[in-house]
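First up is the structure itself, then whatever we jot down about it.
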There are 2 protein chains.
Amino acid sequence: MQYPLKDPIKRWSDSIPAPCAACGVRDSVFCSVLSDQELQRLSSFAFNVSQDAREIIFSEGDSADHLFNVTEGLVKLYKLLPDGREQITGFLFSGDFLGIAMNDTYAYSAEAITPVRLCRFNRKDLEGMFQQTPHLETRMLNMASNELAQAQDQILLLGRKTAKERLCSFLLSLSQRSERRGDSATVIPIPMGREAIADYLGLTTETVSRTFSKLKKENSILVSKGGIVEVPDLELLATLAEDSS
Amino acid sequence: MQYPLKDPIKRWSDSIPAPCAACGVRDSVFCSVLSDQELQRLSSFAFNVSQDAREIIFSEGDSADHLFNVTEGLVKLYKLLPDGREQITGFLFSGDFLGIAMNDTYAYSAEAITPVRLCRFNRKDLEGMFQQTPHLETRMLNMASNELAQAQDQILLLGRKTAKERLCSFLLSLSQRSERRGDSATVIPIPMGREAIADYLGLTTETVSRTFSKLKKENSILVSKGGIVEVPDLELLATLAEDSS
DNA sequence: CGGTGCATTGATCAGAATCAATGATCGTGG
DNA sequence: CCACGATCATTGATTCTGATCAATGCACCG
């Protein structure tokens, strides 16, 4: 569950101008469509900020003034009910964009699970850039489409899947993300704790833990130190994710 | 549960050119941003189609060649698991737009619950129109944002709410929709059956029915002939939707 | 008038939640 | 470097909500 920043000593103070050209995630889905010149314009209103684990980035209902790109660390997006029940609607890893689904106010809260670094954009500035850079808006629409498709998968999961199917679906999606980033599809680090997984899958920590144990016992997964899961048979996992017979 | 087309005799054959100017839903969220001239261009590749109840409009995985505007009737969007479990991800009423969340293929299936009329657009044509009409793309992004926020509400509902809270949330959203359309917020027609409600709320028909009965017994709602629900106290309903003590 | 499809209600079951205790891991400070 | 405390994960016992199985009721339609 350790996930220190690569440079843990020099904690960036708030709001340092962001040198897009030197950014580690400049090839992220969001920035990759921009030319060098456009990237330069972007950096004129982009600022790096960093936050410690458990710090809140923004809360549901706040005026939606900023959009972000996660450059390092892990973020959870979540909604709360009055009595404290929590539902995590998504996890953001480095390279992920934060701020698609919002109108005047944020529709959900965002909190750093690990220490994070963010590239923060002023919303008005970014929207202003759409005028000269319509393909940026096209990209945003594209991203929104993908988010929506993902949200619908999650709706299916929460509405109709069993605990086992949910956990397998979750592991599968982590595996696919890992693969997309060029890492192993079968050796998957799990950077969030059991409670976060439970709040994401609509379960309790106990059920998540028990389900992990079941999967271990039947050799569908192997769990090694540091919360790293190994999946010997991805096909099997995919089956279990839809049909946990 | 009756919901006949206003003109049930003359069933439109497939693909009749759509006269946008005379369209009953030209003020829908989708078309309302267009000038008369732009609307005319839109009609050049818009076709009216109609479908009977239970007819499938498209299936998950189909090549996403068309987008639609629902001009009359009720549509369900849903996803299936291999063993037949169904999760409805949304209902579309007349004026609603169909086709936001898609890439190359549809991410979900769409089926007519009642007889429907649709205005069908070729996707390539519509995307082509974005070039000359960037504010149409802005509108699409806006709609996608709203859809995403709605999807997240549904994720909270499915992940963390009780049966009673789910049903109250559902009635509340129907009430708000009714109000937005200029109809009564307290007298709500329920155009879909118990099974569809169950598949939308991640429950079974029996649980939906029982929960309706409970709400009736405690006088939170009144149900009259034709499946019309009356809500004497919207505030109370809103409370029950988040905190079914 | 009878049949078909949908809604309601009842009895029982099962999966996950809750309550409770123990165990493992990590960071801290002596 | 080890011991302690804190946090997090695991496991067990029991409860409870909603699912399942089953029967009856109701409304609309031919």
Side-chain angles (χ1 to χ4, degrees), chain A residues 1-4 8 52-54 74 76 81 83-87 113-115 157-168 170 189-217 221 223-229 240 243-245, chain B residues 1-4 8 53-54 81 83-87 113-114 157-168 170 190-217 221 223-229 240 244-245:
Chain A
M1 227 57 43
Q2 279 297 82
Y3 209 92
D52 287 334
R54 289 153 196 264
L74 179 63
K76 73 170 179 184
L81 285 170
D83 62 0
R85 279 172 290 174
E86 175 174 334
Q87 177 64 41
I113 288 188
T114 65
L157 179 148
L158 294 170
R160 289 299 181 221
K161 289 190 182 179
T162 64
K164 190 172 169 185
E165 290 167 338
R166 293 181 198 200
L167 188 57
C168 290
F170 176 65
I190 314 283
M192 67 290 287
R194 294 289 181 267
E195 191 175 2
I197 298 175
D199 284 338
Y200 181 62
L201 297 179
L203 302 169
T204 58
T205 52
E206 292 95 330
T207 299
V208 170
S209 193
R210 274 185 250 275
T211 309
F212 261 113
S213 298
K214 262 183 231 162
L215 291 174
K216 273 188 278 185
K217 204 175 302 172
I221 62 170
V223 181
S224 48
K225 292 280 175 209
I228 291 167
V229 168
L240 293 178
D243 219 323
S244 72
S245 41
Chain B
M1 228 53 50
Q2 278 298 82
Y3 209 92
R54 290 154 195 267
L81 286 170
D83 63 1
R85 280 172 290 173
E86 175 175 334
Q87 178 64 39
I113 289 188
T114 66
L157 180 148
L158 294 170
R160 288 299 181 220
K161 288 189 183 180
T162 65
K164 190 173 170 184
E165 291 166 338
R166 292 181 199 200
L167 188 57
C168 290
F170 176 64
I190 313 283
M192 68 290 285
R194 293 290 181 269
E195 191 176 2
I197 298 174
D199 285 339
Y200 181 62
L201 297 179
L203 301 169
T204 58
T205 53
E206 292 95 329
T207 299
V208 170
S209 193
R210 274 186 250 274
T211 309
F212 261 113
S213 298
K214 263 183 230 162
L215 291 175
K216 274 187 277 184
K217 205 174 302 173
I221 62 170
V223 181
S224 47
K225 292 279 174 209
I228 290 168
V229 167
L240 293 179
S244 72
S245 41

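Lettering follows sequence order; numbering is per chain, from 1.
The nearest whole Å value for the distance from the CZ atom in B:Arg166 to the P atom in D:dT17 is 14 Å. Here D:dA19 presents its P atom at 18 Å from NZ of A:Lys161, a figure rounded to the nearest Å. Nucleotide D:dG18 holds its P atom 11 Å from the NZ atom of B:Lys164, rounded to whole Å. Regarding B:Leu157, its CG atom lies at a distance of 15 Å from the C1' atom of D:dG18, rounded to whole Å. In this structure, the CG atom of B:Asp199 is 12 Å from the P atom of C:dA7, given to the nearest Å. For the pair B:Leu215 CG and C:dT8 C1', the computed distance is 15 Å after rounding to whole Å. Between the CD atom of A:Glu195 and the C1' atom of D:dA6 there is a distance of 15 Å, given to the nearest Å. Across the protein-nucleic acid pair, B:Glu206 atom CD and D:dA19 atom C1' stand 8 Å apart, rounded to whole Å.
The heavy-atom pair separating B:Asp199 from B:Gln87 by the smallest distance is O-NE2, 3.1 Å. Minimum interatomic distance between A:Arg85 and B:Glu165 (heavy atoms only, all atoms of both residues): NH2-OE2, 2.7 Å. Closest heavy-atom contact between A:Tyr200 and A:Leu158: O-CD2, 4.0 Å. When all heavy atoms of B:Phe212 and B:Leu167 are compared, the closest pair comes out as N-CD2, 3.7 Å.
The side chain of A:Thr207 sits closest to C:dA16 out of D:dT7, C:dA16, C:dC6. Nearest nucleotide to the side chain of B:Leu203, out of C:dT8, D:dA19, D:dT10: D:dA19.
Side chain of A:Arg54 to backbone of A:Thr114: no donor-acceptor contact under 3.5 angstrom is found. Judged purely by atom type and a 3.5 angstrom limit, B:Arg166 uses its side chain to pair as donor or acceptor with the backbone of B:Leu201. Judged by distance alone, the side chain of B:Arg210 and the main-chain N or O of B:Thr205 form no donor-acceptor pair under 3.5 Å.
Comparing A:Ser209 and A:Arg160, the nucleotide of DNA chain D nearest to each residue sits closer to the 5' end for A:Ser209.
B:Arg85 comes within contact range of no nucleotide atom at all, as no heavy-atom separation falls under 4.0 Å. Residue contacts shown for B:Lys214 are absent, as no nucleic acid heavy atom lies under 4.0 Å away. B:Thr162 comes within contact range of the sugar-phosphate backbone alone, with a heavy-atom separation under 4.0 Å but no base atom that close.
The phosphate of D:dT11 has OP1 or OP2 within less than 4.0 Å of a side-chain N or O from A:Ser213. Put simply, B:Thr204 has no side-chain N or O that comes within less than 4.0 Å of OP1 or OP2 on D:dG18.
Scanning atom types as modelled, one donor and one acceptor separated by under 3.5 angstrom connect the side chain of B:Arg210 and the base of C:dG10.
When the C1' atoms of four end pairs are superposed on the next four at each end of the helix from C:dC1-D:dG30 to C:dG30-D:dC1, using five pairs per end, the two resulting axes differ in direction by 30°, to 10°.
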